[in-house]
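Working notes, structure below.
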There are 2 protein chains.
Amino acid sequence: MKLSKKSDYALRAMIYLSMNYQKGAVQIKEISAKERIPQKFLENILLTLRKVGILNSKMGLKGGYALARSPDLITLGDVIRALDGTIAPVDCVSQMSYRKCSEEITCAIRGVMLDVRNAVTEVLDAMTFADMCKRTKELIENSALTYSI
Amino acid sequence: MKLSKKSDYALRAMIYLSMNYQKGAVQIKEISAKERIPQKFLENILLTLRKVGILNSKMGLKGGYALARSPDLITLGDVIRALDGTIAPVDCVSQMSYRKCSEEITCAIRGVMLDVRNAVTEVLDAMTFADMCKRTKELIENSALTYSI
DNA sequence: ACAAACTCTATCGTACTACTAGACATTTAC
DNA sequence: GTAAATGTCTAGTAGTACGATAGAGTTTGT
């Protein structure tokens, strides 16, 4: 039931990009330094997010990454699914990678896991990066610390 | 976000033991055969559940395992925590294995993951093995198949 | 005594996770 | 048009966790 480091980093990077949404392309190096994420690892993550259409990139000098759409149109669920593949606790209740389990008809566990998946996705698919920005800003104000996720 | 095979097997074994609650000790061999769980693997699982007080065991001839208390007093959460150690998606929101994350004060991700953990535990801690028995029996009646999870 | 059961420790192979290396392609600035 | 700064891509690697197994020990009923 654990969030992978990959998804964790992805969420942090996405929040960073959301906080800088109007500033145009942001370089990997900057995100990597500010969020303390291994740069090469982050490259792969951002590349994945670009391939699924969550990010846009610009190559060459002055290049970088930016959100492909407004932060209020991207949810945490979108990002986690892109990286971890699925959110469901067992494949037989997964939308992403559904696989019939052998005794589906009489499997009471399936029913509960369906409830779990729905509970989780309700949280993650309702939470946008616009929300995350708002929360982050509130946290900064309340703690009076400089911004560093 | 995946339920481990270990927990999956544990849940199946626990349902089996719950369905046979009044029959006294049930042998590993029987559970292993009926639920198609590798016997040696199941041994470890049941041993763990005994150590945390969910199961009682009886050694020697005519020995076996039985629930340590009534099925309506054991939840799925109890079992999953015993085996997977924690339910929380990140350690900084875990009751079981809490670890402060470096930027706790300004970490908006933490807030969401707390919501996720609460959503999951609400489902798993509310669901008892008495409920699971009821559900299983309903599923059997509706499908008119012999009982095999 | 002996067989049938649980107990315990150790191990093993595989897959996955977290991360790194390095060559390549593209763009801007001069 | 060349150099420098960026993203792109394909491999790879070390460590760890997961799923499963082995085997020797302990307890109990008959």
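The figures that follow rest on heavy atoms only: side chains count, while hydrogens, waters and symmetry mates do not.
- If you check every strand for non-hydrogen atoms under 4.0 Å, B/Gln39 touches nothing.
- Here the nucleotide nearest the side chain of B/Gln27, chosen from C/dA18, C/dC6, D/dA20, is C/dC6.
- Comparing C/dA25, D/dG23, C/dA29 by their nearest atom to the side chain of A/Met59 picks out C/dA25.
- Side-chain N/O atoms of B/Arg50 include one lying less than 4.0 angstrom from OP1 or OP2 on C/dT7.
- In terms of position along DNA chain C, the nucleotide closest to B/Lys62 lies nearer the 5' end than the nucleotide closest to the other residue of the pair B/Lys62 and A/Leu42.
- Shortest non-hydrogen contact noted between B/Ile54 and B/Met14 is CG2-CE, 3.5 Å.
- Closest to the side chain of B/Ser4, out of C/dT28, C/dC6, D/dG19, is D/dG19.
- Look at A/Lys29 and you won't find any side-chain N or O under 4.0 angstrom from OP1 or OP2 of D/dG7.
- For the pair A/Arg135 and A/Glu138, the salt-bridge criterion is not met [side-chain N within less than 4.0 Å of a carboxylate O].
- At a cut-off of 3.5 angstrom, the base of D/dT21 holds at least one donor-acceptor pair with the side chain of B/Asn44.
- Base contact: B/Lys40 has a heavy atom under 4.0 Å from a base atom.
- Regarding contacts with the backbone of D/dG19, every side-chain N or O of B/Tyr9 stays at 4.0 angstrom or more from both OP1 and OP2.
- Taking every side-chain heavy atom of B/Ser57 into account, C/dT7 is the closest of C/dT7, D/dT28, D/dA5.
- Residue B/Arg81 forms a side-chain hydrogen bond (donor to acceptor under 3.5 Å, both in side chains) with just one option from B/Thr75, B/Thr121, B/Asp125, and that option is B/Asp125.
- Proximity of A/Lys58 to the phosphate of C/dT28: a side-chain N or O atom is located under 4.0 Å from OP1 or OP2.
- Nearest nucleotide to the side chain of A/Pro38, out of D/dG7, C/dT20, C/dC8: C/dT20.
- Among the atoms of the strands shown, only primed sugar atoms or phosphate atoms (P, OP1, OP2) are found under 4.0 Å from some heavy atom of B/Ile28.
- Counting only distance, with no hydrogens or angles, the side chain of A/Asp131 and the backbone of A/Thr128 share a donor-acceptor pair below 3.5 Å.
- With distances taken from any side-chain atom of B/Leu47 to the nucleotides D/dT8, C/dC19, C/dT7, the minimum falls on C/dT7.
- Comparing D/dT27, D/dA20, C/dT27 against the side chain of B/Phe41 picks out D/dA20 as the nearest.
- Among the protein residues, A/Lys51 comes within range of the sugar-phosphate backbone only, with heavy atoms under 4.0 Å from sugar or phosphate atoms but none that close to a base.
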